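Presented below is the structure to which this report refers.
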Amino acid sequence: MVRNIASGVLKYDHKHFKATRNATTSVKSISSDGQKLSYTTGKDKSNLFVNKSLNTGESTDLTVNVVTGVPKRQDRFGYQNINSGKVYNLSFCFPYLSDYRNGKWNYHPYYDAGENRNSAVSNFHVSFFAPKSYKVVASGQSTTKNGKTTITANNMREVAIAASNKFKVDHAYANGVRINDYYLASKNSKQYNKLALMTAQDSFHVFTKKIGKYPYKEIDITEGLLGKDTGGMEYPGLIMIDASGFLQKKHPLDRYNELTEDVSHEVGHQWFYGTVGSDEYMEPWLDEGLTNLLENGVYDLTYTKSKAYCAKLMHSKFYTRKNVKRANKILKENANQFINKNKKANYINYLLIIHQRALTLKTWLTNLGWTFLLF
């Protein structure tokens, strides 16, 4: 079974967004070794059951010829007009082989508010063509010459691509990892770029120390608009950040804090699900749950230059090493007290308890006037 996931994405888009109805996806052919193969679909048109049998130990090559239109939508898959230019986010639109487990093909319906991926680690080799005025950003490592971008993404679960004729780029390093920030020019771009890079650096330092080494050489951050209630989106080696607070006319005060939360959260996904893979649809606590723990209970409770710079931009004096230390002490006391009263709870429940205590502490500190500084 081959998954043409764009079918599920566009079905959702057509139902909820009129402007996307011109975008369609069509499978032109599926072939193997030069021979055209027949296929059927299930109720979910994303599922392509290809008429090709293999015995144990055998392998084959499949060529899937698909033409998919890109919808006009502020989303992880779609294009948008920003600052007299265009930004294309290309993900959830590339066909891939479904997992075969426990005697059946494993798949999940498209879920717009979350993820439905559980693809195997693979090696990707991609040739991507765009006008010469566009900067192309992708998972893995890439080189561009005369409008052709060659992408190599080894040992990754999937590939995402972003492209824009308005991207500017800046770089930083953390623990030997190159961080590339692709941002859009605006009157707030200097603050956005500096804070995004600082947060990514601090997140890599903290998460590497707490969890382990990031397995790739670089990570890309792309700026755009991702729609209501979406702060960012994660892929191996690439994260998309919603910067509506920096790009649109209204600039709420908490946009600086939201940026640190979004970047630290999406960087955390490089470990959960990017490295420690899981079935995001069936077991979201293994990626979103643990990443929320990293964002709220690790990054937010570690004194960092990025949070200090965030506090400076917000003209606040509450964010100090002393106060962060105090917050950690309170969290530890509350968590230990709760765990000691529930000694029969397993270790997974301990993690959830600590995360809940971190969120409770966030509310408590907010009431004391620490709003948007630690969390």
Side-chain angles (χ1 to χ4, degrees), residues 70-92 112-113 134-139 160-172 174 179-204 218-235 237-270 291 295 299-300 304-307 309-314 372-373 375:
V70 183
K72 186 177 182 180
R73 183 188 171 192
Q74 294 179 2
D75 190 44
R76 53 196 173 188
F77 173 43
Y79 78 91
Q80 52 201 275
N81 299 318
I82 303 177
N83 292 356
S84 301
K86 280 187 169 63
V87 176
Y88 287 84
N89 289 333
L90 304 176
S91 68
F92 281 64
D112 194 71
Y134 278 72
K135 282 187 173 66
V136 178
V137 192
S139 301
I161 300 172
S164 177
N165 56 353
K166 292 294 181 178
F167 273 155
K168 294 182 177 296
V169 62
D170 197 3
H171 315 282
I179 304 168
N180 307 307
D181 183 33
Y182 291 85
Y183 64 98
L184 300 162
S186 70
K187 66 178 183 179
N188 301 296
S189 59
K190 183 177 180 179
Q191 293 174 339
Y192 169 87
N193 175 53
K194 183 177 179 179
L195 187 55
L197 283 176
M198 289 178 70
T199 303
Q201 283 181 302
D202 288 337
S203 299
F204 269 101
E218 63 181 56
I219 186 171
D220 298 319
I221 305 171
T222 64
E223 182 183 15
L225 300 174
L226 297 179
K228 185 179 179 181
D229 300 325
T230 303
M233 186 62 202
E234 73 280 359
Y235 307 94
L238 185 150
I239 59 177
M240 298 175 181
I241 298 298
D242 177 82
S244 54
F246 292 84
L247 293 172
Q248 296 176 342
K249 291 182 179 180
K250 293 183 179 180
H251 305 299
L253 181 63
D254 63 343
R255 69 187 184 275
Y256 304 115
N257 181 73
E258 287 181 353
L259 180 58
T260 63
E261 290 194 344
D262 294 339
V263 172
S264 65
H265 181 93
E266 305 309 338
V267 169
H269 272 303
Q270 298 304 305
T291 302
E295 173 197 336
Y299 169 77
D300 274 348
T304 59
K305 292 181 179 179
S306 54
K307 277 292 184 181
Y309 180 58
C310 177
K312 180 181 179 180
L313 291 173
M314 298 175 69
F372 306 125
L373 295 179
F375 301 90

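Basis for what follows: all heavy atoms, side chains included, without hydrogens, waters or symmetry-related copies. Keep in mind it's a predicted model, so treat the numbers as computed, not measured.
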Return the [atom1] to [atom2] distance between [X] and [Y], rounded to the nearest 0.5 Å.
X      : Y      : atom1 : atom2 : value
Leu226 : Asp242 : CG    : CG    : 5.0 Å
Ile179 : Asp170 : CD1   : CG    : 10.5 Å
Met240 : Glu223 : CE    : CD    : 13.0 Å
Leu238 : Glu266 : CG    : CD    : 10.5 Å
Ile219 : Asn180 : CD1   : CG    : 9.5 Å
Met233 : Ile241 : CE    : CD1   : 11.0 Å

Under 3.5 Å, side chain of [X] to main-chain N/O of [Y], donor-acceptor pair present?
X      : Y      : result
Thr230 : Gly232 : no
Gln80  : Leu225 : yes
Asn83  : Ala185 : yes
Asp181 : Leu197 : no

Is there side-chain contact between [X] and [Y], with heavy atoms separated by less than 4.5 Å?
X      : Y      : result
Gln191 : Tyr309 : yes
Lys72  : Asn81  : yes
Lys135 : Val169 : yes

For this session: Any chance you could lay out the side chain to side chain contact (heavy atoms under 4.5 Å, CB included) test for Thr291 and Glu234, step after step, and finish with the verdict?
Result: CA-CA 11 Å; Thr291 302; Glu234 73 280 359; over 6 Å; no
Problem set entry | Criterion side chain to side chain contact (heavy atoms under 4.5 Å, CB included) on Val267 and Phe204, from CA distance to verdict | CA-CA 7 Å; Val267 169; Phe204 269 101; 3.9 Å; yes
Testing the basics here: between [X] and [Y], what is the closest heavy-atom pair and its distance to 0.1 Å?
X      : Y      : value
Gly237 : Gln270 : N-OE1, 2.9 Å
Cys310 : Thr260 : CB-CG2, 4.2 Å
Gly224 : Leu247 : O-CD1, 4.1 Å

Problem set entry | Test applied, side chain to side chain donor-acceptor pair (under 3.5 Å); reference residue, Tyr299; option that passes from Ser203, Ser306, Ser264 | Ser306
Exercise. Can you list every salt bridge (charged side-chain N to carboxylate O under 4.0 Å, His left out) pair that touches residues 76-91, not counting sequence neighbours?
Worked result: Arg76-Glu115
For this session: Any salt bridge (charged side-chain N to carboxylate O under 4.0 Å, His left out) involving residues 189-202? Give me the pairs, sequence neighbours left out, ordered by first then second residue.
Result: none
Exercise. Parallel, tilted or perpendicular: which fits the ring planes of Tyr235 and Phe92, with parallel below 30° and perpendicular above 60°?
Worked result: perpendicular
Exercise. Got a salt bridge between Asp75 and Lys228, using NZ or NE/NH1/NH2 to carboxylate O under 4.0 Å?
Worked result: no
For this session: Mind checking ring pair (Phe, Tyr, Trp, His ring centres under 6.0 Å) for Phe167 and listing every partner two or more places apart, or none if nothing turns up?
Result: Tyr182
For this session: Give the C-alpha distance, both sets of side-chain angles, the deciding distance and a yes or no for side chain to side chain donor-acceptor pair (under 3.5 Å) between Lys307 and Asn257.
Result: CA-CA 8 Å; Lys307 277 292 184 181; Asn257 181 73; 2.9 Å; yes
For this session: Would you sort out whether Ile239 and His269 count as a side chain to side chain contact (heavy atoms under 4.5 Å, CB included), showing the intermediate values?
Result: CA-CA 9 Å; Ile239 59 177; His269 272 303; over 6 Å; no
Exercise. Is the distance between the ring centroids of Tyr192 and Phe246 under 6.0 Å?
Worked result: yes
For this session: Dump the intermediate steps for side chain to side chain contact (heavy atoms under 4.5 Å, CB included) on Ser189 and Leu184, then the final yes or no.
Result: CA-CA 7 Å; Ser189 59; Leu184 300 162; over 6 Å; no
